Undergrad: 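First, the structure itself, so that you have it in front of you.
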Amino acid sequence: MEREFFTQPTLKVAQQLLGKTLVRIWRGKRLAGKIVETEAYIGPKDKASHAYLGKKTPRNRAEFMVGGHIYIYLVYGMYWQLNFSTETKGRPTCVLIRALEPLEGINEPTNGPGKLCRALKLNKSFYGEDLCRSSRIWLENGLEIPQEAQIVRSARIGIDYAGPYWSKIPWRFYIKGNNFVSKK
DNA sequence: GTACAGATTGAG
DNA sequence: TCAATCTGTACT
């Protein structure tokens, strides 16, 4: 995928990522999966974002990079969370990849954000990696892009702490009826 | 230096 | 319903 794809508005990128193929080269092998579920986190105003009110720390600085870079971090002491930065440099926006449908070489579950990172052998060494230039992880166009009618919008998962408004805003997207979406 | 909570998961 | 497990961040 080109840089221009990732620099579009975050909500648009979150929806257009559905159906794209995420490719990861691991020990010379191709691991690939179709993205079936995403969530948008939109910078300073989003109370659920790590960059709420523009907060910038060593941990979340990748959120501020120009679209197409990897923001990866550890939650609950054991699960990695894969995000792609979006929009322009300095804008703290990103899309969380929540679930994949396995296509090639994947032998572990990928129906959750922590699980997909385990299946694709992703960790902090990917922090800040450029998806447009990396030789070990990138995105390819899927064969068919889901029609708008096949995309479901709902509230994001696991962010109740953000309060009644931000925890309910419908910034989670997934492919309708897909068996690999998390929280069946 | 110490305390604390989290964009999850799988077991009971 | 609940514990595992650890890092970034805030506070003393």
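Chain A is the first sequence line, chain B the second, and so forth, proteins listed ahead of strands; every chain is numbered from 1. Everything numeric here is computed off the predicted structure, so don't read it as measured data.
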Undergrad: Could you tell me whether A:Glu39 contacts a base, only the sugar-phosphate backbone, or nothing, with contacts defined as non-hydrogen atoms closer than 4.0 Å?
TA: nothing
Undergrad: Output yes when at least one side-chain N/O atom of A:Arg98 is less than 4.0 Å from OP1 or OP2 of B:dT8, else no.
TA: yes
Undergrad: Is there a side-chain contact between A:Lys115 and the phosphate of B:dG10, meaning an N or O under 4.0 Å from OP1 or OP2?
TA: yes
Undergrad: Of all the choices, B:dA7, B:dT8, C:dT7, which nucleotide is nearest to the side chain of A:Cys94 once you look at every atom?
TA: B:dA7
Undergrad: Side chain of A:Tyr41, heavy atoms from C-beta onward: which of C:dT5, B:dG10, B:dA7 has the nearest atom to it?
TA: B:dA7
Undergrad: At under 4.0 Å, does any side-chain N or O of A:Lys124 touch on OP1 or OP2 of C:dG8?
TA: yes
Undergrad: Mind listing the N/O atom pairs, protein and nucleotides 10-12 of chain C, below 3.5 Å?
TA:
none

Undergrad: Say you pick atom P in C:dT12 and the same atom in B:dA5; how far apart are they, in whole Å?
TA: 15 Å
Undergrad: If stacking means aromatic ring centre less than 5.5 angstrom from the base's six-membered ring centre, planes under 30°, is A:Tyr79 stacked on B:dT8?
TA: no
Undergrad: Please report the distance, rounded to the nearest Å, between CE in A:Met78 and P in B:dG10.
TA: 11 Å
Undergrad: Take atom P in C:dA10 and the same atom in B:dA7, then report the distance between them in whole Å.
TA: 14 Å
Undergrad: Can you tell me, in whole Å, how much space there is between the P of C:dT5 and that of B:dG12?
TA: 14 Å
Undergrad: Once pairs are restricted to Watson-Crick or G-U wobble with both distances under 3.5 Å, how does DNA chain B read as a dot-bracket string, [ ] for crossings and | for other-strand pairs?
TA: ||||||.||||.
Undergrad: Rounded to whole angstrom units, what separation is found between the CG atom of A:Asn83 and the C1' atom of B:dT8?
TA: 14 Å
Undergrad: In residues 156-163 of chain A, which ones come under 4.0 Å of DNA chain B, going by heavy atoms?
TA: A:Ile157, A:Gly158, A:Ile159, A:Tyr161
Undergrad: Contact class for A:Arg172 vs. all strands (heavy atom < 4.0 Å): base, sugar-phosphate, or nothing?
TA: nothing
Undergrad: Begin from the C-alpha positions of A:Arg136 and A:Glu129 and carry the test salt bridge (Lys or Arg N to Asp or Glu O under 4.0 Å) through to its verdict.
TA: CA-CA 10 Å; A:Arg136 56 180 182 158; A:Glu129 189 114 342; 3.0 Å; yes
Undergrad: I would like to know whether A:Gln8 and A:Thr86 meet side chain to side chain donor-acceptor pair (under 3.5 Å); could you show each step before the answer?
TA: CA-CA 7 Å; A:Gln8 299 177 96; A:Thr86 58; over 6 Å; no
